[in-house]
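Single-structure report; data block below.
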Amino acid sequence: MPENDANTSDKKKTIPEKSTILIVDDEQVARYTVEVLLSKEGYNLVFAENGEEALKKAEELVPDLMLLDVMMPGMDGFEVCQHLRANKRLGELPIVMITALDDRDSKLRGIKAGADDFMSKPFDRAELRARVRTITRLNRYRRLIETEEQLAYLANYDTLTDLPNRSLLMERMRQALDRASRTHQNVAILVLGLDNFQIVNDTLGHEEGDQMLCEVAQRLTQTVSTMGATVARLSGDEFVVMFDTDNLVKDVSKVVQSLLEKISLQMKIDNQEMVITASIGISTYPTDGSEVSLLLKNADTAMSRAKGAGKNTYQFFTAKMNEAALERLILENQLRKVLINNELRLYYQPQIELKSGHLIGMEALVRWQHPELGLISPIKFVPVAEEIGLIIDIGKWVLQTACQQNQEWQRAGFPPIRVSVNVSSRQFQPRNLLETIKEILINSELNPIYLELELTESLLIEEEGDNENNILALLTELRSMGVQIAIDDFGTGYSSLSYLKRFPVTTLKIDRSFVQDICTDENDAAITTAIIAMAHSLRLSIVAEGVETSEQVAFLRDKQCEIIQGYYFSRPLPVKEMTQILEKVTKQPIYLMKNQTEKFSSL
Ligand code: C2E
Ligand code: MG
Ligand code: MG
């Protein structure tokens with residue numbers, strides 16, 4: 001700290017009005033001559049009689065120029081010059097050496113010692129004045145620039161950590177808010193305060209406290225180095241991290257977690273192992289304010305709340321965001337244990353062939369049986385599982401369970417039907433997936449013709465190059481084994497025909513959003529009609545999802561849609577209830593009443 005203070009005050013020094021010239025000569029007459037020659041030029045003239053005094057005064061005054069006599073008893077001019085050149089603060093001081101007329105030897109030695117220029121006695125009045133004026137002016141100019149640079153630095157940066165200070169932060173925030181309002185993005189402002197820093201400072205000392213602040217500054221910068229974030233020091237032990245985002249809860253939770261983690265790692269200060277934690281408050285633009293100062297204030301309030309909540313944690317300024325972030329965090333953590341805790345359940349939703357009224361298949365739909373929250377929809381947790389990579393294991397469990405269950409039903413003597421399993425794009429690592437499916441089919445002994453995989457359009461469209469070929473090879477191999485391939489949610493994506501021809505697809509599933517309004521919305525009716533016709537011309541089988549009303553059934557029957565799935569017949573059912581349905585259809589295989597506007601009797 002003391003050293004730093006010295007630097008800071010040094011940097012703040014402004015340039016004095018007059019240039020200071022230090023005249024070093026052991027002869028009084030020589031000193032007097034120079035004084036007379038320069039007296040009217042407006043300099044601050046200072047004198048030294050010998051080498052030692054010269055060094056001392058130079059150190060004290062940091063002059064703009066030194067006129068240095070070569071020949072002096074004791075420490076001579078060369079030695080003084082060498083000393084100065086080796087001095088960090090005075091190394092750049094302009095030195096003009098005074099030699100006897102045409103003393104070449106002295107000049108050579110002077111150059112070696114680091115002199116900038118030479119003049120010989122007796123002085124030429126005009127020459128002395130001109131040289132001194134030029135050198136002092138250049139030196140003042142250089143100092144001015146340095147001072148300006150330093151002032152600009154001091155105005156914008158924190159001298160301890162080299163991070164932007166509050167003023168530069170506010171400028172950058174203004175720019176970020178401007179940008180965000182144009183691009184409709186969010187800006188997250190994280191105010192981070194160290195927990196119990198005062199105690200560290202008091203017990204260890206300020207110097208160690210400063211070291212800790214520098215270490216924290218570095219860790220913050222490293223943690224967010226790839227995301228274009230601004231890291232700044234707000235004051236004492238408070239820092240700010242600011243970044244743009246379009247997925248607030250997800251991005252912020254992630255960043256905050258890693259910041260808290262990184263900071264709390266052990267650090268070595270003066271050979272002592274130390275640990276410090278932080279509390280983080282978060283405000284977001286535009287939700288929590290549209291002005292820089294308000295956003296900072298709100299994040300600061302949230303930070304105080306985080307400290308109040310037990311430290312080493314974070315709080316959003318807005319209660320709603322807090323809940324969302326917490327919910328996601330809990331979800332993510334608990335989801336990781338879902339397989340070990342055996343909390344996944346598979347439900348089965350019947351699929352009915354319209355022409356015959358037969359149950360010809362079922363879609364396996366996963367649910368999470370949460371011990372406190374009850375049954376959680378896949379819409380809520382599948383995207384999270386995809387993000388954290390857990391979908392690979394969950395997907396494998398689903399495939400395995402669906403195949404085993406289907407085989408069990410067949411063994412129990414029910415008429416064989418196929419089971420459709422949703423496969424996420426994230427599961428598509430072709431070689432692994434093929435191995436997994438083969439292994440599952442062998443273990444369950446299910447005939448592959450009773451398995452259908454539901455893929456999304458995006459998988460077949462987004463892949464290019466090698467992976468596209470790998471997927472094509474995988475699907476071709478699966479088809480050759482007898483496995484069926486369906487495109488799920490058809491119509492919501494690109495609905496491109498070309499990939500339907502390229503990949504060996506067997507079934508199209510018309511998305512629920514079209515089916516919903518086929519009886520009321522002309523466009524949806526037209527699109528659905530077109531999709532069905534297209535499927536027929538490509539010899540693909542077609543399933544309508546989300547069928548809820550008899551009017552929809554009538555419309556789809558009229559367009560010769562083959563298979564129907566939806567609440568009209570049945571919701572997705574747990575194993576026990578699906579078994580009951582299978583029992584009923586074994587006894588009476590026609591499910592649909594002749595009068596198609598009524599539900600079939602067995603349901
Ligand atoms: P999806 O594959 O398109 O499944 C159809 C969804 O529509 C199911 O929602 C189903 O319950 C619902 N549904 C069926 N009939 C009707 C109806 O008549 N009306 C209405 N309003 N809804 C109906 P669910 O079970 O909530 O699943 C949602 C999505 O989660 C699925 O959409 C699928 O994309 C995904 N998913 C479900 N299980 C799995 C799985 O095991 N693995 C993967 N990767 N994703 C799954
Ligand atoms: Mg599906
Ligand atoms: Mg679907």
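When a ligand or atom number is given, it counts from 1 through the structure's own listing order. In this text, all values refer to a predicted model and were calculated from it rather than measured experimentally.
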NZ/NE/NH1/NH2 to OD/OE distance under 4.0 Å, [X] and [Y]:
X	Y	answer
Arg336	Glu332	yes
Glu445	Arg411	yes
Lys254	Glu387	no

Has ligand 1 got any nitrogen or oxygen that is less than 3.5 angstrom from a nitrogen or oxygen of [X]?
X	value
Asp488	yes
Glu386	no
Gln565	no
Ile391	no

**OP:** Could you grab the distance from atom CG of Asn186 to atom OG1 of Thr245, nearest 0.5 Å is fine?
**Re:** 6.5 Å
Would you mind finding which of [options] brings a heavy atom closest to [atom]?
atom	options	value
atom 37 (C) of ligand 1	Leu455, Leu365, Asp489	Leu365
atom 17 (C) of ligand 1	Phe569, Tyr567, Tyr568	Tyr567
atom 45 (N) of ligand 1	Asn422, Leu344, Thr401, Ile376	Asn422
atom 38 (N) of ligand 1	Leu346, Val421, Val366	Val366
atom 36 (N) of ligand 1	Pro378, Pro383, Pro572, Ser377	Pro378

For [X], counting its heavy atoms only, list the atoms of ligand 1 lying under 4.0 Å from any of them.
X	answer
Glu548	17 (C), 18 (O), 19 (N), 20 (C), 21 (N)
Ser424	44 (N)
Gly566	15 (N), 18 (O)

Original post:
Got a sec: is Glu545 within less than 2.8 Å of the Mg ion (ligand 2) via an N/O/S atom?
Top reply: no
**OP:** May I ask you to check whether Asp488 brings an N, O or S atom to under 2.8 Å from the Mg ion (ligand 2)?
**Re:** yes
Side chain, backbone, both or neither: the part of [X] lying under 4.0 Å from ligand 1 by heavy atom:
X	result
Ile394	neither
Val398	side chain
Gln349	side chain

**OP:** Report the residue from Arg418, Lys509, Gln351 that forms a side-chain hydrogen bond (donor to acceptor under 3.5 Å, both in side chains) with Glu363.
**Re:** Lys509
Subject >> Side-chain donor or acceptor of Arg512 paired with backbone N/O of Gly566 under 3.5 Å >> reply: no
Subject >> N/O donor-acceptor pair under 3.5 Å between Thr301 side chain and Lys297 backbone >> reply: yes
Under 4.0 Å, counting heavy atoms only: does [X] come that close to any atom of ligand 1?
X	value
Arg571	no
Glu363	yes
Gly546	yes

Subject >> N, O or S atom within Glu454 nearest to the Mg ion (ligand 2), by name >> reply: OE1
**OP:** Kindly state whether the ring of Trp409 and the ring of Tyr450 have centres lying under 6.0 angstrom apart.
**Re:** no
Subject >> Residues which pass side-chain hydrogen bond (donor to acceptor under 3.5 Å, both in side chains) with Glu343, listed by chain and number, not counting sequence neighbours >> reply: Trp368
Any chance [atom1] of [X] has more than 12 other-residue heavy atoms, nucleotides or ligands included, within less than 6.0 Å?
X	atom1	result
Gln175	CD	yes
Arg571	CZ	no
Arg539	CZ	no
Gln266	CD	yes

Original post:
Which value, rounded to 10°, describes the OE2(Glu363)-the Mg ion (ligand 2)-OD1(Asn422) angle?
Top reply: 100°
